[in-house]
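Structure first, commentary second.
These numbers come from the heavy atoms of this one structure, side chains and all, not from hydrogens, waters or symmetry mates. Proteins get letters first, then strands, A, B, ... in listed order; numbering begins at 1 in each.
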Number of protein chains: 4
Amino acid sequence: MSRQPTSNRRSEQSRQAILTAAAGLCAEVGYAATTVEGIAARAGVGKQTIYRWWPSKAAVLLEHMERVREAQAGFPDTGDLRADLLAQTSAVQALFGGDLGAVWRGLLIAAQSEDVAAAGVRALLEQAISDAKERLARAREAGELRPDADLDMAVEIIYGPLYHAWLLRARPLPEAYMKEVLALVFEGLAG
Amino acid sequence: MSRQPTSNRRSEQSRQAILTAAAGLCAEVGYAATTVEGIAARAGVGKQTIYRWWPSKAAVLLEHMERVREAQAGFPDTGDLRADLLAQTSAVQALFGGDLGAVWRGLLIAAQSEDVAAAGVRALLEQAISDAKERLARAREAGELRPDADLDMAVEIIYGPLYHAWLLRARPLPEAYMKEVLALVFEGLAG
Amino acid sequence: MSRQPTSNRRSEQSRQAILTAAAGLCAEVGYAATTVEGIAARAGVGKQTIYRWWPSKAAVLLEHMERVREAQAGFPDTGDLRADLLAQTSAVQALFGGDLGAVWRGLLIAAQSEDVAAAGVRALLEQAISDAKERLARAREAGELRPDADLDMAVEIIYGPLYHAWLLRARPLPEAYMKEVLALVFEGLAG
Amino acid sequence: MSRQPTSNRRSEQSRQAILTAAAGLCAEVGYAATTVEGIAARAGVGKQTIYRWWPSKAAVLLEHMERVREAQAGFPDTGDLRADLLAQTSAVQALFGGDLGAVWRGLLIAAQSEDVAAAGVRALLEQAISDAKERLARAREAGELRPDADLDMAVEIIYGPLYHAWLLRARPLPEAYMKEVLALVFEGLAG
DNA sequence: TGATAATCGAGACGGTACGTCGCGTCTTCAG
DNA sequence: CTGAAGACGCGACGTACCGTCTCGATTATCA
């Protein structure tokens, strides 16, 4: 997200303080009430130091998300697709309920109106989707998935319900939510 | 959404101009760039006339959505669940691509930060979900759906992929998108 | 100074508060440390209310000076030029030592870099000079002044020493300063 | 003005570049628009190199003025006071119209709000006044001036008109301006 | 058929946050 | 190991909208 990939003059301390402050504010007061001035104040930093390196608050949060993502393992592959999907989607569901969920929610909002945020969110999302598709492709080879299944669509069928319930309906989800969703979509609504 | 549902003094002309201007702006410049001042100017109306009847721009757009919804037929019921679902979800998909899609997108954003918008969106959404659940309940009776299917979850499985593809991925969808989704989720990813 | 000579919607209360606050700040902390934000805060007013009616802090102070000037009598004319000059210049000297002196000092500074201030200061200054010249012209008719005296120059000779001592040297002046200056310049340095 | 009058480590080249750049900028864009960053950029120097040796832009300009002053002869003394005054004040008038006039104007502004500048300006001004007073004292001895003339006041009477016309009125002056002023003040306005 | 009172358009008001500029200090690194 | 380059915390700038508040000027009932 930084304009100049790595300026050696840049203060790593300020960078960290800004990322942390932004994520904290977003979790505490929500994306809309998170202001650049607020981030700067909480990080003990001048506003210009934020604007020097990021074009907007969304870009700051994006970098935060990217860092978190980088620290995570890839898509699990134990050989059992349903078990792997359950593990992965349940982890996502748990994450949605935490501070990072608030940040991600904010970014999804920002992506609707800012090009920078839209591009960053797209990149993050497509990366995750790409990981999932790879796993699904292997499963399709192994006969765990219909041979004619469109993988993009499969991903949407698996994650769509979770996003619908979390982002749009904002309803409390049982811990086993994804277990049941996977059972239904794998075995078919028609039974 | 109006505070005083029916004031005989109220100018119906202004009301219409405001609703139209708001929806138009939202479609043209996006929700974030749609301002109350902009709506007032385009509608040829004073700001106070907006604030007198609606608490925020989201409330104006909500009323617009409600009016459109009222003008629509309920959930179709021909006796063939899959055909009805296809008809309904395809209509929704078409709507997402038009001006009303921009308005709905804006409201979904607003719902993340404003209580009024959240309540209104929830009402609209839950009404639609309720309609769908009723149709699904009848289908379950008729044996078109597994007898143990959770209807809330079923709705999320049917609409989730569409929202995921439209709202989050913002990818262009083939006309037959929902046809294929329904085929997959009814017959099961496992095949 | 106001863009629209007299808007009937304008708040006279805010206007007064702003003029008073600006003059007060200027007297207390000096022109350079007087900020638009500071004026707004002290006047209990939004910044925009200042920018709506004045292009800069200098313009606000100019209006303050103009109002004070309007409330003042014209150049005295008792028939005795030296006595009139003494009365007038002594009043000016006294004024320089008070709060209005700080304001005027600030405007003279601003006039060096801002066109708006320069124009306003010029207008005030030339008005005062014009008044003085009129009085001097009458005195010249009456034989109290050399018949060949250039009046612009005469004004500069009379007020120049005071400005030099007050603005540039910033030295404390005896009450009778102008009395002695007038004696010297009227009778001649050569004696 | 420099804190450490003679540091052997100091780059004389940078010093000269800074003084020249500062004076040039002041003449071209005015004192207010002359920024430390601008001086540094024009001089091809880091900002710190300026702040290491001068406390502010005013101090830089002050040093420039001092250097110019040092290169000048003292107050002329041919034995004819009026001729000497005319020579000296006409030189000053000419200087006011050039680049150095812009610098001096800037310093007079700065002196109204900065202590450092005020002290420096005062020193320069009082030195010049002192020189003038010495010359006037000799003339008073010689009977060219009234024996009771206050010399501080005499200086103000001689230079005040010029400053008034140049700094405050900013009016174009005829070349013979000071000749006429001296004639009037020496012979008296009353004639 | 006025009086009268709510609503209208217009837009000024006190605010908050924006994104930018320049300050004077601090840090990095090339010569 | 100096000095250019420039990042840093900071404070003020002038602008955009917010939601509230006055203004007359309609305008639609009721006396």
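Remark: Ser14(D) is in phosphate contact with dA4(F), judged by side-chain N or O atoms under 4.0 Å from OP1 or OP2. Between dG14(E) and Thr49(C), a contact under 4.0 Å exists linking OP1 or OP2 to a side-chain N or O.
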So which protein nitrogen or oxygen atoms get under 3.5 Å of nucleotides 29-31 of chain E's nitrogens or oxygens?
residue, atom, partner, partner atom, Å
dC29(E), OP1, Asn8(A), ND2, 3.4

Could you run down the sub-3.5 Å N/O contacts of the protein with nucleotides 15-19 of chain F?
residue, atom, partner, partner atom, Å
dC18(F), OP1, Val36(B), N, 3.1
dC18(F), OP2, Val36(B), N, 3.3
dC18(F), OP2, Glu37(B), N, 3.3
dG19(F), OP2, Tyr51(B), OH, 2.5
dG19(F), N7, Lys47(B), NZ, 3.1
dG19(F), O6, Lys47(B), NZ, 2.8

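Spacing between atom CZ of Arg42(A) and atom P of dG9(F) amounts to 17 Å, rounded to whole angstrom units. Separating the CD atom of Glu114(A) from the P atom of dC18(E) is a distance of 11 Å, rounded to the nearest angstrom. Per the geometry, CH2 belonging to Trp53(C) stands 18 Å off C1' belonging to dG14(F), to the nearest Å. At whole-Å resolution of the value, CD1 in Ile50(D) and P in dT25(E) are 13 Å apart. One atom, CD1 of Ile39(D), and another, C1' of dG24(E), lie 14 Å apart when rounded to the nearest Å. When rounded to the nearest whole Å, the span between CG of Leu25(A) and P of dA17(E) equals 11 Å. When rounded to the nearest whole Å, the span between CD of Gln13(B) and P of dT27(F) equals 10 Å. Rounding to whole angstrom units, CD1 of residue Ile18(A) and C1' of dG9(F) are separated by 11 Å.
Every residue two or more places apart in sequence or in another chain that forms a salt bridge (Lys or Arg N to Asp or Glu O under 4.0 Å) with Arg42(B) is listed here: Glu28(B).
Classification of Arg69(A) and Glu66(A) as a salt-bridged pair fails, no side-chain N sitting under 4.0 Å from a carboxylate O.
Looking only at distances, a side-chain donor or acceptor of Gln112(A) sits under 3.5 Å from a matching main-chain atom of Leu167(B). Side-chain atoms of Thr49(D) never come within 3.5 Å of backbone atoms of Val45(D) as a donor-acceptor pair (strictly under, hydrogens ignored). One N or O on the side chain of Lys57(A) and one on the backbone of Tyr31(A) form a donor-acceptor pair closer than 3.5 Å.
Rounding to the nearest 0.5 angstrom, the gap separating the CD atom in Glu63(D) from the CZ atom in Arg15(D) is 4.5 Å.
The shortest distance between side-chain heavy atoms of Trp54(B) and Ile18(B) falls below 4.5 Å.
Remark: Arg9(A) fails to qualify as a cation-pi partner of Trp53(A) under the 6.0 Å distance and 45° angle criteria applied to the six-membered ring.
The side chain of Arg52(A) sits closest to dC8(F) out of dC8(E), dA4(F), dC8(F).
Both Val45(C) and Val45(B) sit near DNA chain E, but only Val45(B) has its closest nucleotide nearer the 5' end. Nearest-nucleotide positions on DNA chain F place Gly46(D) closer to the 5' end than the other of Gly44(A) and Gly46(D).
When every heavy atom of Cys26(D) is checked against every heavy atom of Val103(D), the shortest pair comes out as SG-CA, 4.0 Å.
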